[in-house]
Amino acid sequence: MNPLLDFSGLPRFAEFKPEHVTPALDQLLAENRELIARQEADGREPSWENFVAPLDDANERLRRAWGQVAHMNAVMNSPALREAYNANLGRITQYFTELSQSEALFRKYKALRASPGFSALTQAQRKVIDNELRDFRLGGAELPAERKARFKQVTERLAKLSSEFNDNLLDATNAFELIIQDRAQLSGIPDDVLEAARKAAAEIGKTGWKLTLQMPSYLPVMQYADNRELRERMYHAYATRASEFGNPAWDNSALISEILKLRREQAQLLGFKTFAELSLQPKMADSPAQVLRFLDELATRAKPYAERDLAELEEFAARQLGLAELQPWDVAYGSEKLRVARYAFSDQEVKQYFPEQQVLAGMFRVVETLYGLGIAADDAPRWHEAVRFFSIRNADGALVGQFYLDLYARPSKRGGAWMDDAITRRRKAAGIQTPVAYLNCNFSAPVGGRPAMFTHDEVITLFHEFGHGLHHLLTRVDVLGVSGINGVEWDAVELPSQFMENFCWEWEVLKDMTRHVDSGNSLPRALFDKMVAAKNFQSGLQTVRQLEFALFDMHLHHDFEPVGTKTPLDLLDEVRSRVAVIIPPAYNRFPHGFSHIFGGGYAAGYYSYKWAEVLSADAYSLFEESGVLNPVVGERFREEILAAGGSRPALESFVAFRGREPKIDALLRHNGMAVA
């Protein structure tokens with residue numbers, strides 16, 4: 001049996017092969033189209049049971065099968081799998097575009113919405129129907145035939161271009177390698193990073209040390225390498241990935257241009273002036289103007305702090321490091337030296353206290369304490385030997401959810417960290433379907449017989465992704481369309497993830513989740529106090545960097561003319577002139593690697609990170625007031641935020657938890673920027 005057609009339990013990753021993809025999708029697409037034809041022709045009054053539920057069942061099977069393919073393409077990329085994925089991506093996009101444009105199904109949803117039975121449905125079911133009506137309109141269901149056909153072409157082309165963007169970025173990242181034979185050139189780089197580099201060189205039959213653009217290699221070089229020429233060489237390679245400076249086959253320039261043109265056309269076909277207006281329809285924010293005001297206000301608050309941070313760094317670099325003119329490839333290196341000088345600790349020192357097992361146990365303990373849960377290792381078919389699997393249970397032993405944990409970087413895996421859903425909670429005839437999540441990071445694997453060790457920033461990343469996972473796994477909603485993260489406004493979806501980050505700064509948490517990899521001692525309180533003192537070290541620089549990306553994204557999709565004479569790089573320069581304090585060299589091609597907006601779902605939505613940070617900081621402030629591991633407040637957060645999923649507007653969920661609308665004060669306080 002084709003493993004992609006088995007929905008009786010967990011995915012059968014051990015049996016998965018690229019040749020399974022097309023036959024499985026052939027069958028599922030044919031079955032779904034037959035069902036849709038029957039539904040469109042059905043003359044009965046539509047109800048949840050005879051209309052919505054059968055469509056949910058069919059589309060869930062298709063999404064689960066395709067979800068496995070997309071997941072494997074992201075974590076175990078190979079030429080054969082990439083070919084199968086790209087060969088079927090257009091078919092999947094075409095199917096869902098056709099579905100969203102079906103006038104007959106749209107009429108049935110409208111009839112169900114207007115029927116007497118609508119008021120008898122649950123809140124979650126009513127929300128699903130309202131969301132579907134909105135999505136039919138945004139999918140082009142009301143367009144005349146000619147414009148509908150063009151909308152479909154544009155949507156399918158955009159899906160293909162996004163996939164190509166990600167493929168180019170992965171290939172360009174993997175193509176770079178730098179073999180260093182002279183150990184002296186690697187002065188300053190930590191021993192564990194060098195051991196991984198030596199092992200990487202040996203794996204390809206070479207002596208010396210192999211440096212790459214993958215994060216476990218690139219970041220430590222930029223942060224610790226005393227060799228300035230080496231830092232510059234690595235910076236140049238990273239900053240020009242997938243651009244005209246490399247292999248022409250991987251140049252994302254033309255893709256960026258076409259994506260922007262097609263997004264504008266897609267929006268205008270639906271009657272919107274810009275793609276940003278279209279993008280905000282299912283989000284919390286009212287308009288691009290509101291988002292830009294929000295970002296500009298934050299930039300006004302943050303830029304003086306960023307200017308102060310930079311002035312301190314430049315003065316230190318000139319005085320202590322002999323760097324008369326600070327360059328972008330000096331920033332991480334100089335910042336680490338300044339942090340050590342000012343706070344008397346380094347990231348590398350802290351890293352020794354965060355071995356993988358201790359971190360996981362500590363993170364699980366936080367969740368178990370707050371929400372009355374138990375988390376334990378479990379068995380499941382996996383796609384790689386390094387992947388682990390866990391089950392979450394309530395105090396009574398009842399299964400709540402399960403998740404895969406894929407922590408380490410490898411060439412077959414796309415960069416970054418992310419959560420995705422494998423199975424979504426819903427009520428079926430046989431009972432509740434348990435949700436399952438994928439949690440993916442790109443940390444350094446164990447080397448030299450020692451456990452994997454995480455920097456504090458990596459611990460924060462892990463907590464962030466687990467927050468997303470909990471949002472998916474701890475839902476109590478039984479209706480597929482608004483269960484877990486489904487139906488949650490995009491600019492609120494980062495609330496649970498950013499909320500979890502706060503626990504990484506609590507002594508009550510860290511004292512029990514740290515153990516020195518050699519001595520076995522817990523993190524000393526004195527070192528923790530130094531970490532807290534340094535928490536907002538260069539927070540101004542970090543904030544304006546995020547605002548630079550968010551403003552670029554929003555302007556790019558709102559008031560930038562895709563067919564004009566100005567290029568995206570010109571626009572980015574304009575944004576930087578207003579917001580940034582560190583200006584990169586002219587060859588920097590940041591947009592060519594900005595996969596969040598060109599290869600992912602954050603187009604005209606990157607502001608969500610800052611928008612949701614207001615919500616998460618304000619939500620966490622209630623824990624600060626009542627005790628950070630308070631299970632009473634934890635249960636309230638679980639019930640009103642995590643469990644509610646997309647069954648009601650995110651603002652309603654926030655107010656239900658916090659007792660009022662959000663305020664920006666906590667965010668500014670957490671970032672060391674006092675309210676003016």
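The CG atom of Asn442 sits 10.0 Å away from the CG atom of Leu407 when rounded to the nearest 0.5 Å. With rounding to the nearest 0.5 Å, the separation of OG1 in Thr369 from CG in Asn630 is 11.0 Å. Distance CD/Gln101 to CD/Glu103: 9.0 Å, rounded to 0.5 Å. Atoms CD and CG, from Gln266 and Leu269 in turn, are 8.0 Å apart once rounded to the nearest 0.5 Å. We find the CG-NE2 distance between Leu295 and His555 to be 8.0 Å, quoted to the nearest 0.5 Å. Going from atom OG1 of Thr93 over to atom CD of Glu98 covers 11.0 Å, rounded to the nearest 0.5 Å.
At least one side-chain heavy atom of Leu470 sits less than 4.5 Å from a side-chain heavy atom of Tyr371. Residues Val436 and Phe403 are not in side-chain contact: their nearest non-hydrogen atoms beyond the backbone lie 4.5 Å or more apart. Phe654 places none of its side-chain heavy atoms less than 4.5 Å from the side chain of Glu661. Side-chain contact between Ile432 and Arg425 is present, with at least one heavy-atom pair separated by less than 4.5 Å. Taking the side chain as every heavy atom from C-beta outward, Leu547 and Tyr606 never approach each other to under 4.5 Å. Within the 4.5 Å cutoff, side-chain heavy atoms of Thr122 are placed close to those of Gln125. For the pair Ile375 and Glu368, the minimum side-chain heavy-atom distance is below 4.5 Å. Using a 4.5 Å heavy-atom threshold, the side chains of Ile129 and Leu121 count as touching.
Salt bridge Arg301/Glu297: present, at least one basic N to carboxylate O contact under 4.0 Å. Taking a cutoff of 4.0 Å between a charged side-chain nitrogen and a carboxylate oxygen, Glu60 and Arg426 qualify as a salt bridge. Salt-bridge formation is not detected for the pair Arg264/Glu277: no Lys NZ or Arg NE/NH1/NH2 atom is positioned less than 4.0 Å from an Asp or Glu carboxylate oxygen.
The only member of Val614, Thr543, Leu668 that meets side chain to side chain contact (heavy atoms under 4.5 Å, CB included) when paired with Leu298 is Leu668.
Here side-chain hydrogen bond (donor to acceptor under 3.5 Å, both in side chains) pairs that include residues 40-55, with residues two or more places apart or in two chains, are Glu40-Ser102, Asp42-Arg44, Ser47-Asn50. Identified under the side-chain hydrogen bond (donor to acceptor under 3.5 Å, both in side chains) test for residues 462-474, with sequence neighbours left out: His464-His468, His464-Glu494, His464-Ser497, His464-Glu501, His468-Glu494, His468-Ser497. Applying the salt bridge (Lys or Arg N to Asp or Glu O under 4.0 Å) definition to pairs two or more places apart or across chains, those involving residues 601-610 are Lys610-Glu613.
Residues meeting the side-chain contact (heavy atoms from CB on, under 4.5 Å) test with Pro649, sequence neighbours left out: Lys127, Glu489, Glu652. In this structure Arg658 satisfies the salt bridge (Lys or Arg N to Asp or Glu O under 4.0 Å) test together with Asp618, Glu625, sequence neighbours excluded. Partners of Ser119 by side chain to side chain donor-acceptor pair (under 3.5 Å), not counting sequence neighbours: none found. Partners of Glu548 by side chain to side chain donor-acceptor pair (under 3.5 Å), not counting sequence neighbours, listed by chain and number: Arg576. For His596, the side chain to side chain donor-acceptor pair (under 3.5 Å) test picks out Tyr609, with sequence neighbours left out. Checked against side chain to side chain donor-acceptor pair (under 3.5 Å), Arg126 has no partners two or more places apart in sequence or in another chain. With sequence neighbours left out, the salt bridge (Lys or Arg N to Asp or Glu O under 4.0 Å) criterion links Arg147 to no other residue. Shown here are the salt bridge (Lys or Arg N to Asp or Glu O under 4.0 Å) partners of Glu624, two or more places apart in sequence or in another chain: Arg669.
Note: Phe106 and Phe136 have parallel aromatic rings, judged against thresholds of 30 and 60 degrees for the angle between ring planes. Ring planes of Phe598 and His557: tilted class, angle from 30 to 60°. Classification of the His71-Tyr438 ring pair by plane angle, with boundaries at 30° and 60°, yields parallel.
Cation-pi geometry between Arg636 and Phe657 is met: the NZ or CZ atom falls under 6.0 Å from the ring centre, inside 45° of the normal.
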Could you please spell out the steps behind the side-chain contact (heavy atoms from CB on, under 4.5 Å) verdict for Val367 and Met500? CA-CA 9 Å; Val367 172; Met500 278 293 290; 4.0 Å; yes
Decide yes or no on side-chain contact (heavy atoms from CB on, under 4.5 Å) for Tyr109 and Asp135, but give the supporting numbers first. CA-CA 11 Å; Tyr109 272 105; Asp135 293 344; over 6 Å; no
Verdict with reasoning, Arg476 to Glu639, per side-chain contact (heavy atoms from CB on, under 4.5 Å): CA-CA 8 Å; Arg476 289 180 173 138; Glu639 184 64 32; 2.3 Å; yes
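Ring centers of Phe499 and Phe637: under 6.0 Å apart, within the cut-off.
The two residues Ala666 and Ala617 make their nearest non-hydrogen contact at CB-O, 3.5 Å. Nearest heavy-atom pair, Thr475 versus Ala643, reported as atom, atom and distance to 0.1 Å: OG1-O, 3.2 Å. Heavy-atom minimum distance, Pro662 versus Leu651: CD-CD1, 3.7 Å. Across all non-hydrogen atoms, the minimal contact from Ala65 to Leu28 is CB-CD1, 3.5 Å. Of all heavy-atom pairs between Ile423 and Thr434, the closest is CG2-O, 3.6 Å. A pairwise comparison of heavy atoms in Pro288 and Leu280 identifies N-CD1, 3.2 Å as the closest pair.
Asn59 and Tyr95 share a donor-acceptor pair across their side chains, judged by distance under 3.5 Å alone.
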Cut-off 3.5 Å, no hydrogens considered: what does the side-chain donor-acceptor table look like for residues 388-401, sequence neighbours left out?
from, atom 1, to, atom 2, distance (Å)
Arg388, NH1, Glu356, OE2, 3.2
Arg388, NH1, Gln357, OE1, 2.5
Arg388, NH2, Gln357, OE1, 3.2
Ser391, OG, Asp378, OD2, 2.5
Ser391, OG, Gln402, NE2, 3.1
Arg393, NH1, Gly397, O, 3.0
Asn394, OD1, Arg638, NH2, 3.4
Asp396, OD1, Ala398, N, 2.9

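Side-chain N or O atoms of Ser539 include one that pairs as donor or acceptor with a backbone N or O of Asn536 at under 3.5 Å.
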